[in-house]
Structure formats: C-alpha cells, structure tokens
Amino acid sequence: MSALIAEDEIIHEADLVWLEDISRLDYVRQSLDRLPTRRGRPAYHRGGRMVGYALLGPGAKPSRSSGTFRRRVFWLLPHDRDSEPDGLYATGAPAEAVDARTLAPGSKGRKTERSEGGPMSSARLGSVS
C-alpha cells in the first residue's frame with residue numbers, strides 16, 4: 001500500500017514507464033513488488049491490469065536473501081473508478097491509490113481531491129448522455 005511505501009525504498013528509481021495515458025485516470029494503485037530485474041516490463045499476476053512500472057538505476061542493489069529488486073508497479077482492478085464510475089470507488093479511493101499525476105521517480109505520490117472522487121472524473125464525463 002502506498003502508505004507503507006517510504007521515500008527511501010524508492011530512491012534508486014530512474015524512470016516510470018506508463019502503459020496507458022494516465023491523464024485519463026483519477027488514480028492508480030501502487031505496490032512494491034519483488035522482481036528479478038532492475039529494468040524491463042515485469043510479469044503481472046494480479047486481477048485487473050498493470051498501467052505502469054518503475055525502472056531502477058544501476059545503484060539499486062538486489063536483496064541478499066532473494067536476489068530480487070523491489071520495484072513499484074502501478075495497477076487497477078476491474079471495479080476501480082475508471083471502469084465503474086458509479087461503483088465502489090465513485091467517491092474515495094483504495095488505501096494504496098494515489099493520483100498518478102503526482103508520481104515521479106523516487107517520489108511516492110499523494111492523494112488529491114481528484115483521486116478521492118472530487119471534481120467529476122473523465123470517466124464520469126464520458127458516461128453522461
């Protein structure tokens with residue numbers, strides 16, 4: 001969960017790769033996953049879809065016990081606001097969600113009025129007839 005991600009855990013991030021246009025998303029979920037490499041697209045094993053991931057710089061060291069790297073992965077579930085504007089997260093957002101526009105390499109991002117369901121989201125605007 002984003003509340004559990006500390007800035008010192010992501011200091012070796014070199015870049016964030018987005019697989020979708022994040023300007024249309026009110027929020028993304030983020031987690032720190034143990035991955036076998038510093039770079040490249042990670043395998044995705046959750047429900048929903050991966051919308052982005054972090055790339056690590058050469059200073060990132062693998063875990064001595066597992067040989068893996070902790071990298072952020074950004075994702076959404078089928079019941080998130082972008083897919084179900086009037087669903088469970090019509091207002092509010094999951095604990096691990098942040099506004100993707102506040103993310104940068106080495107910065108954990110934050111919730112905003114928009115990510116919490118404030119001003120009408122683009123998903124809602126698109127569904128109004």
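This structure is a prediction, so every number in the text was calculated from the model and none was measured.
- From Arg114, atom CZ reaches atom CG of Leu25 across 8.5 Å, with rounding to the nearest 0.5 Å.
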Practice prompt. Start with the C-alpha distance between Gln30 and Leu103, add both sets of side-chain angles, then the distance that settles side-chain contact (heavy atoms from CB on, under 4.5 Å), and finish with yes or no.
Written response: CA-CA 10 Å; Gln30 66 176 342; Leu103 291 165; 3.8 Å; yes

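- The side-chain hydrogen bond (donor to acceptor under 3.5 Å, both in side chains) test applied to Ser66 returns Ser63, Thr68, not counting sequence neighbours.
- Side-chain contact annotation: Thr112 with Asp99, donor-acceptor N/O pair under 3.5 Å present.
- Interatomic distance, CD of Glu84 versus NE2 of His79, reported as 8.0 Å (0.5 Å rounding).
- Annotation: ring-ring contact (aromatic ring centres under 6.0 Å, His included) contacts of Phe74 (sequence neighbours excluded): Trp18.
- For residues 53-69, there are no salt bridge (Lys or Arg N to Asp or Glu O under 4.0 Å) pairs, not counting sequence neighbours.
- A donor-acceptor pair shorter than 3.5 Å cannot be found between the side chains of Ser115 and Arg110.
- Counting side-chain heavy-atom gaps under 4.5 Å among Ile, Leu, Val, Met, Phe, Trp and Tyr, the cluster of Trp75 also holds Val17, Leu19, Leu35, Tyr44, Met50, Tyr53, Leu55, Val73, Leu77.
- For Pro62 against Gly67, the heavy-atom pair with the smallest separation is CB-O, 3.6 Å.
- By the side-chain hydrogen bond (donor to acceptor under 3.5 Å, both in side chains) test, Glu9 is found to be paired with Arg70, residues two or more places apart in sequence or in another chain being considered.
- Hydrophobic side-chain contacts under 4.5 Å tie Phe69 into a cluster, directly or through other members, with Leu56.
- The CD1 atom of Ile11 sits 10.0 Å away from atom CD of Glu13, with the distance rounded to the nearest 0.5 Å.
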Discussion item. Side chain to side chain donor-acceptor pair (under 3.5 Å), that's the test. Do Asp80 and Tyr27 meet it? Break it down for me.
Written reply: CA-CA 9 Å; Asp80 280 323; Tyr27 63 80; 2.9 Å; yes

